[in-house]
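Throughout, protein chains are lettered first and strands after them, A, B, ... in sequence-line order, and every chain is numbered starting at 1. From a predicted model like this one, the values you see are computed outputs, not experimental measurements.
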Amino acid sequence: MKKIIRNLRLVWLFTTTNWQTHSQNRIGAISWIINGAITPMLMMSIWLVVGNRQQLSMNSSQIVTYYLLTIIVSRITGSWSLYKIGGLVRSGDFSNTLIKPFSYLIEILSHTLGVKLLRLISLAPVIAMLAFVLKDSLILNVSLTTGLLLALSLIMGFLIKFFWSNLLGLLTFWLGEYQSVDNLDSLLGQTLSGELIPLALAPPLLQFLISYTPYRFIISFPIELALGQTTTHRIIEGFLIGGLYLSLLFLLNKIIYRAGLRKYGAYGH
Amino acid sequence: MAYPQDFLLWSAVDLLWSIINILFFRILLLNLPNISGWTFNQIIIPLGFVHLIGAFVWGVMYSNMKELARDVNKGNLDLYLSKPANSQFLLSTRYLDFNLLPSVVVGSFLLWYGFSINNISSPSSLLIVLIALISGVGIAYSLYFMSVTTSLWANRLQNIQDLFPNTLDFAKYPSEIFPVVTRFIFNTILPFALIGYLPANILLGKASSWLLLSFLATALIFVYISHLFWNFALRHYSSASS
C-alpha cells in the first residue's frame, strides 16, 4: 500500500512538471489536433455520401455524432508511449531510466498525462466550434449512469492503449527500430477501433474482429455507450473483456520488459 | 536496411495497408454501383497513383522533414544555412529510406492491375503515368515542405511531420464526395484531387490529355511557391532552441 501511494505521488509530481514544461508551448498542440481530426472528418464525409444513396444502419445524425465523438475519444484514450519507449531504447537513453529509483512506467505515464491534459484543453474550443457548426446534426442524450460508464470506459480505454503502446515500444529491444511497429499499430488501430468503419456499419467478420480485439476499447466502446447503441448485456461483456485485456497487457508488459532488458545492449544509434 | 526484421515488418504492413484500402472501397461499394461516378474497378487506378506518391512521401521525404522539424526545435538549422548550397535542397535530400521499396512494388502492381481491368493498353498511357507521377511528386513535395516550414514560426509543433502524410489520405477519395468549399480547396489550394483522380480521369478517357500539362504547370508553380515560402520563413528563424 505504501508503495502504491508513493508511486501515485510520483505520477502526480511528474505530471504537474510535464504540464508546466509543455504549457510554454501550447501552439504545439495545433498539429496534434489536426492530425487527430483528419481521418474522422474524412470518414464522416464518405459515410454521409454512402448513407445518402443507400439505407444504412446509422442515419446521418448518428454518423456525424459518431465521428465528432471519435475525434474527442481518440484524443482522450490515445498514448504515444510506443514512440517514447522506442526512442529511448533506440538511442540508448533507456539506460537513464534504469538507474532511477522508480519504474520507467511512472515517467512515461506522467509525461503522457501531463501533455495530454494540456492538449485536451486546447482541443476543447475546436470541439465546441465543430459542435456549433454541426449542432443540427448532433444527437447526444447522456444520462448520469451512461456518463459514469462513459468516464469509466474512457479511463479503461486509455489504460489499454497505454499498456498496449508500451508493449509495442518494448519490441524495439529486439527490432532496433520502432517505425514499422508504429505503422502496424496505426493500421490495426484504424481498422479495428471503429475509426474507419463504425461497428454498426461493419460487415459480420469485421464486426466480430472489432468486438473482440483490444482496439475496440480505444474508440468504439466508449462511443457505443455515448450513442446508446448497445445493450446492458453488451456493456457488461465489454467491461469484462476490457478488464481482462488490461490485466493481460499489464502482465505481458512485466514479462516483455524483463526479457527485453536481457537483450538490451545500451549502445544506441 | 540495417534492421532486416524492421524492413520485413514494414513491407508486410505496407502490403496490409494496401489490402485494407482496397477492402474498404469494396465494403463501401458493396451495395452501390459507384461512388461519385467511380466504380470499384476504376478506383484501383487513383489508388495506385496515391500509393506511389505515398512511397515518395514516406521513403524520401518523411525522414528529412522529421529531421528538419527537430533541427528547428533544437536550433541546429544554422549549420545548413551557412553551407554554400541551396538550404532547401540540402534539407530535403539528407536521407533516403529503403522502406519505400515495398510501396513502389504495391503501387506499381495496383496501376498495372487497374490498367488491365479497365482495358487501358495504349503506349501513350505510360507517358501519362510518368508525367502524372512527376507532377504528383512535385505537388506532394511542395505541400509537405511548406507544412513543415511553418515550424520556423512556432518553433515546436508536435508531430508536424505527420500532418501531410495524414492529409494525403484525402487524395484516395474522389473530391466530389466533399462539400463544395472543401472540393474547391482540394482542387486548388491543396490540390490533393489532382494527384490520383486527374490522371485516372485522363487514362479512362473522362478528361482531356491537355489537363496533364496544367497538372505539370501546377506542380512547377507549387515547387516555386515552396521555395519562396522557405525564404520568407527563414527571415523569421530565430536560431533559438527549446
Please flag which part of [X] lies under 4.5 Å from any non-hydrogen atom of chain A: side chain, backbone, both or neither.
X: Phe170(B); value: both
X: Tyr62(B); value: side chain
X: Asn34(B); value: both
X: Leu9(B); value: both
X: Leu163(B); value: both

Might you work through the side chain to side chain contact (heavy atoms under 4.5 Å, CB included) test for Ser45(A) and Tyr173(B), ending with a clear yes or no?
CA-CA 10 Å; Ser45(A) 308; Tyr173(B) 304 93; over 6 Å; no
Where do Leu23(B) and Leu206(A) land on the side chain to side chain contact (heavy atoms under 4.5 Å, CB included) test, with the steps shown first?
CA-CA 11 Å; Leu23(B) 282 177; Leu206(A) 190 60; over 6 Å; no
Verify the neighbour count for atom [atom1] of [X]: are there more than 12 heavy atoms of other residues, nucleotides or ligands below 6.0 Å?
X: Lys206(B); atom1: NZ; value: yes
X: Lys172(B); atom1: NZ; value: yes
X: Tyr113(B); atom1: OH; value: no
X: Phe208(A); atom1: CZ; value: no

Segment of [X] engaging chain B (4.5 angstrom heavy-atom cut-off):
X: Gln190(A); result: side chain
X: Met44(A); result: neither
X: Trp174(A); result: backbone

In Å, rounded to the nearest 0.5 Å, how long is the span from [atom1] of [X] to [atom2] of [Y]?
X: Ile20(B); Y: Leu192(A); atom1: CD1; atom2: CG; value: 7.5 Å
X: Leu201(A); Y: Ile27(B); atom1: CG; atom2: CD1; value: 10.5 Å
X: Ile19(B); Y: Thr191(A); atom1: CD1; atom2: OG1; value: 11.5 Å

Is it the case that the side chains of Trp58(B) and Asn183(A) hold a donor-acceptor pair, with the cut-off being a distance below 3.5 Å and no angle test?
no
Decide whether Asn35(A) and Asn166(B) meet the rule of one side-chain donor and one side-chain acceptor closer than 3.5 Å.
yes
Among Leu16(B), Asp169(B), Leu28(B), single out the residue with the greatest number of heavy-atom pairs under 4.5 Å to chain A.
Leu28(B)
Scanning both residues in full, the closest heavy-atom pair of Arg53(A) with Ser36(B) reads NH1-N, 3.8 Å
Non-hydrogen atoms of Gln54(A) and Leu32(B) that approach each other most closely:
OE1-CG, 3.2 Å
With a 4.5 Å limit on heavy-atom distance, are the side chains of [X] and [Y] in contact?
X: Val13(B); Y: Ser180(A); result: no
X: Glu177(A); Y: Trp10(B); result: no
X: Phe178(B); Y: Val49(A); result: no

